[in-house]
Amino acid sequence: MTEKIGVVGAGIVGLAVARELGARGAEVTVLEKENRVAAHQTGHNSGVVHAGIYYPPGSLKARLCREGVALLKQYCAQHGLPYQEVGKLVIASNQAERPRLKALAERARANGVPDIAELDALTLREIEPHAVGVGAIHSPHTAIADFPAIARRLARDVADQGGSVRLSHPVRAIRETSRGVDVLAARRRFTFDRLVVCAGLGTDAVARMAGDPGDIRIVPFRGEYYALTGNAKDLVNGLIYPVPDPRYPFLGVHLTRHIDGEVLVGPNAVLALAYEGYRWRNIRNVRQIASWPGTIRLARQHWRTGVKEVYGSLIKRAFLKAAQRYVPELVADDLERAHGGVRAQAVSRDGKLVDDFAVDVHGNVVLVRNAPSPAATSSLAIARHIAGIVPAPVR
């Protein structure tokens, strides 16, 4: 008898999971509330294929990122999708950042990131002639890709396997039964043997429907970007990043060449007041977000950083100043407001940001609780990991 599996969410992770489960012979149905795939996090990121520099050795992020890079590169080549190894510099802007830069290089090597090089102030300019700093590490194989295009290709794979991607099918209710899992989506009822939830910003709502609200919650962070205009784009060859603050899973304002030639500056990380809070005036989920004890504790612990991020969101000059630390030739007229995104970041009850990927099992429901960056990079490896959690049927 053919195994029937439902997947909630048609972002890159959900579609990769659906493809992986379809490849083992399951009949897979993807349920997506929007009228297109990759509508949220997948379609609003900077397109970077991370090499695995940042993540604690032995963590799921470290392992699945390295596995995912290889799988993604192969997948893009197989299907003629754009994939460019433009390289990344992580730059120390002052002497105080040198120890953290050194530790980052050691972590990258521990994670198996290939060809990591430590550069001095002169050598880094051979790679990025307009960049400045006291030192840098160079990851030549860090790449850029078109994640929405990859998601669309994955959706085609699911269909080719005999599965389906149901757009405009928001999940309304979930009920476990002796037969499996009943799901009401849009006005249709589906019965699955198992359900995998890859709902991103909607994770908490779907988890509650499944009867497992869990011990962590999604707190949305809006990230805003500026784009370089005109000849200013020529000031950046690849990817220029700061040394990250180890207290946060965010990487700081950076300069990123996109697959279409656009160069983005950002993102910042501002606490949003709606799960899909792409604009300041959207505060529709403020009560839900604020009611989680972890949100208040997070705000109390890091309010100074929060004020700084809000200032950067409102004042273009702050964004410019952050970029000028690494590319001092930039001026205000070189930056124009670009699209933003919202990151689904899990926060524990005590106010700690959950750093690693997190997956829970509740009966016949598998819940992806936390899949922030580098989830897009890691998507094909995450799919294999989840397929290992979803037991294959006994035949």
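If you read the sequence from its start, that first residue is 1, and numbering goes on from there.
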Between V183 and L195, is there a side-chain heavy-atom distance shorter than 4.5 Å? yes
Which residues share a salt bridge (charged side-chain N to carboxylate O under 4.0 Å, His left out) with R179, sequence neighbours left out: D182
Does T256 offer a backbone N or O that forms a donor-acceptor pair with the side chain of S46 under 3.5 Å? no
Applying ring pair (Phe, Tyr, Trp, His ring centres under 6.0 Å) to Y326 and not counting sequence neighbours gives none
Expected list for residues 7-19: side-chain donor-acceptor pairs under 3.5 angstrom, two or more places apart:
from, atom 1, to, atom 2, distance (Å)
R19, NE, D157, OD2, 3.2

When you measure from the side chain of H254 to the backbone N and O of L239, does any donor-acceptor pair fall under 3.5 Å? no
My understanding is that only residues two or more places apart in sequence, or in another chain, count here; which of them pass ring pair (Phe, Tyr, Trp, His ring centres under 6.0 Å) with H339? Y225
Taking only residues two or more places apart in sequence, or in another chain, which ones meet H130 in a ring pair (Phe, Tyr, Trp, His ring centres under 6.0 Å)? none
May I have all residue pairs that pass salt bridge (charged side-chain N to carboxylate O under 4.0 Å, His left out) and include part of residues 256-272, sequence neighbours excluded? none
For R156, what residues pass the salt bridge (charged side-chain N to carboxylate O under 4.0 Å, His left out) criterion, not counting sequence neighbours? none
Using the test salt bridge (charged side-chain N to carboxylate O under 4.0 Å, His left out), find all partners of K73 that sit at least two apart in sequence or belong to another chain. E85
I need the minimum non-hydrogen distance between P148 and A38, along with the two atoms involved. CA-CB, 4.1 Å
Could you list all the salt bridge (charged side-chain N to carboxylate O under 4.0 Å, His left out) pairs where at least one residue sits in residues 318-332, not counting sequence neighbours? E97-R325
Mind telling me whether F192 and F190 have parallel, tilted or perpendicular rings, with 30° and 60° as the class edges? parallel
Using modelled atom types and a 3.5 Å cut-off, is there a donor and acceptor pairing between side-chain atoms of R297 and backbone atoms of R349? yes
Please name all residues satisfying salt bridge (charged side-chain N to carboxylate O under 4.0 Å, His left out) with D160, sequence neighbours left out, ordered by chain then number. R153
Can you name the residues that form a ring pair (Phe, Tyr, Trp, His ring centres under 6.0 Å) with Y75, not counting sequence neighbours? H79
Can E276 and R284 be counted as an ion pair, charged N to O under 4.0 angstrom? no
N/O donor-acceptor pair under 3.5 Å between N370 side chain and A346 backbone: yes
State whether a side-chain donor-acceptor pair under 3.5 Å links Y226 with R337. yes
Please check if L273 and L201 belong to a single hydrophobic cluster, counting links between Ile, Leu, Val, Met, Phe, Trp and Tyr side chain heavy atoms closer than 4.5 Å. no
Decide if the gap between the ring center of F357 and the ring center of H385 is smaller than 6.0 angstrom. no
Pairs in or reaching into residues 360-369: which pass salt bridge (charged side-chain N to carboxylate O under 4.0 Å, His left out), with residues at least two apart or in two chains? D212-R369, D360-R369
Does V181 offer a backbone N or O that forms a donor-acceptor pair with the side chain of N364 under 3.5 Å? no
Ionic contact status for K61 with D355, cut-off 4.0 Å: yes
For P372 against R343, the heavy-atom pair lying closest together: CB-NH2, 3.4 Å
Min side-chain heavy-atom separation S378-E67 under 4.5 Å: no
Backbone of Q288 reached by a side-chain donor or acceptor of N285 within 3.5 Å: no
For residues T2 and D193, report the shortest heavy-atom separation together with the two atoms involved. O-OD2, 4.1 Å
Could K88 and E128 be called an ion pair, given the rule that one side-chain N must be under 4.0 Å from one carboxylate O? no
Closest approach of T203 to I218 (non-hydrogen atoms, all atoms of both residues): CB-CG1, 3.9 Å
Is there a side chain to side chain donor-acceptor pair (under 3.5 Å) between H40 and Y275 once you walk through the steps? CA-CA 10 Å; H40 292 290; Y275 293 113; over 6 Å; no
